[in-house]
Amino acid sequence: MNLTFVRLELRRFFRDRVSVFFVAILPAFFFIIFGAAQSYGGESAGNGNVTMYVMISMAAYGAVTATTGIGGTAAVERMQGWGRQLGLTPLTDGSFVATKALVALTVATIPITLIFVLGAFTGAAGDARAWALSAAAVLVGGWVLSLYGLAAGLAFRSEAAVGATSGGLVILAFLGNIFIPLSGTMLAIAKFTPLYGYVSLARYPITEGRLIDGSGTVVDIEPLWVPLLNVGVWAVVLGLLATWLVRRGRARQ
């Protein structure tokens, strides 16, 4: 891994103010509006309160936005010739992937840290174990979802397509039970979407599988294997899709 390359990649990211806004500021704004500013924020939600529940949800959204963007950008760069330029340097494919992974993880810590700090000062409550496990699940799970951005970049080969894919995350977030609690048919559909298992795992330290509807009523208790299976299946599906797209791209060269 080339640390100079990592530093240059991070500098390039922070020069893009639009990306910084959508990755860090927008999820934090959503947390303030839907969590910290609500009168019901102090009500119980499993091993925490509603403010912490919303905090974890918005941190997850911010993290996956960050890692999806980095994954998609990496794919577009490779498809548009940057890979050939890097081929003239000592940087190996493995080092390139490791560099992008480190950049994605670093960028993802920005919304997570910002939102968790805001949560600590605006009434988010839960035990130390729940805080630590939720933060870890948000970070690791967000990195897994970078495969979504990678596959999109390889499939469409344009920055506009990757931007649209990032916008599509908003729809997936609604369908994945991130923004508003779903119930009934919508909840059943949500369990098959890529973000559902991710955010459910992140919330598990406080919910312990309790599914809450819009009124705060517990409608079901979900075993841990359900979100784990969701994350595992989507990781395999997106990983295989990205691999196939890489091979297809090489075959055309």
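All of these numbers come straight from a predicted model, not from anything done at the bench. All residue numbers refer to positions in the sequence shown, counting from 1.
- Under the 4.5 Å side-chain heavy-atom criterion for Ile, Leu, Val, Met, Phe, Trp and Tyr, Y53 and F121 are members of distinct hydrophobic clusters.
- Taking 4.5 Å as the limit, some side-chain heavy atom of Y148 sits within range of a side-chain heavy atom of L172.
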Derivation of the side-chain contact (heavy atoms from CB on, under 4.5 Å) call for Y196 and I189: CA-CA 10 Å; Y196 177 83; I189 294 172; over 6 Å; no
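- T109 places a side-chain N or O within 3.5 Å of a backbone atom of T106 that can act as its donor or acceptor partner.
- The CG atom of L133 lies 8.5 Å from the CG atom of D127; values are rounded to the nearest 0.5 Å.
- Between the side chain of N47 and the backbone N or O of P205 there is at least one donor-acceptor pair closer than 3.5 Å.
- The nearest pair of heavy atoms linking V138 to A63 is CG1-CB, 3.8 Å.
- Side-chain atoms of Q38 come within 3.5 Å of backbone N or O of I33 as a donor-acceptor pair.
- Side-chain atoms of P27 and I115, non-hydrogen and from C-beta on, do get closer than 4.5 Å to each other.
- Proximity of N177 to R203: side-chain heavy atoms (C-beta onward) are separated by under 4.5 Å at one or more points.
- V140 and V103 are assigned to two separate hydrophobic clusters, defined by single-linkage of ILVMFWY side chains at heavy-atom distances under 4.5 Å.
- When all heavy atoms of L182 and A190 are compared, the closest pair comes out as CD1-CB, 3.9 Å.
- Taking both residues in full, the closest heavy atoms of L169 and L195 are given as O-CD1, 4.1 Å, listed atom of the first, atom of the second, then distance.
- Between A24 and I110, the shortest heavy-atom contact is CB-CG2, 3.7 Å.
- Under the 4.5 Å side-chain criterion, counting only non-hydrogen atoms from C-beta, M58 is not in contact with F29.
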Chi angles and distances behind the side-chain contact (heavy atoms from CB on, under 4.5 Å) call for V107, L10: CA-CA 8 Å; V107 172; L10 290 173; 4.1 Å; yes
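- For the residue pair V226 and E222, the shortest heavy atom distance occurs at CG1-OE2, 3.4 Å.
- In this structure, CG in L175 is found 7.5 Å from CD1 in I171, a value given to the nearest 0.5 Å.
- Hydrophobic clustering places V170 together with I56 (ILVMFWY residues linked when any side-chain heavy atoms are closer than 4.5 Å, directly or through intermediates).
- Across all non-hydrogen atoms, the minimal contact from Y204 to L224 is OH-N, 3.3 Å.
- In this structure a side-chain-to-backbone donor-acceptor pair under 3.5 Å is missing from N49 to G126.
- Partners of L105 according to the side-chain contact (heavy atoms from CB on, under 4.5 Å) rule, which considers only residues two or more places apart in sequence or in another chain, are L139, W143.
- In this structure, the separation between OG1 on T207 and CD1 on I221 is 10.0 Å, given to the nearest 0.5 Å.
- A ring pair (Phe, Tyr, Trp, His ring centres under 6.0 Å) check over residues 171-194, counting only residues at least two apart or in different chains, returns the pairs F30-F179, Y61-F179, F174-F179.
- In terms of hydrophobic clustering, with Ile, Leu, Val, Met, Phe, Trp and Tyr side chains grouped at heavy-atom distances under 4.5 Å, F34 and M55 are assigned to a common cluster.
- F31 and I25 end up in the same hydrophobic cluster when Ile, Leu, Val, Met, Phe, Trp and Tyr side chains are linked at under 4.5 Å.
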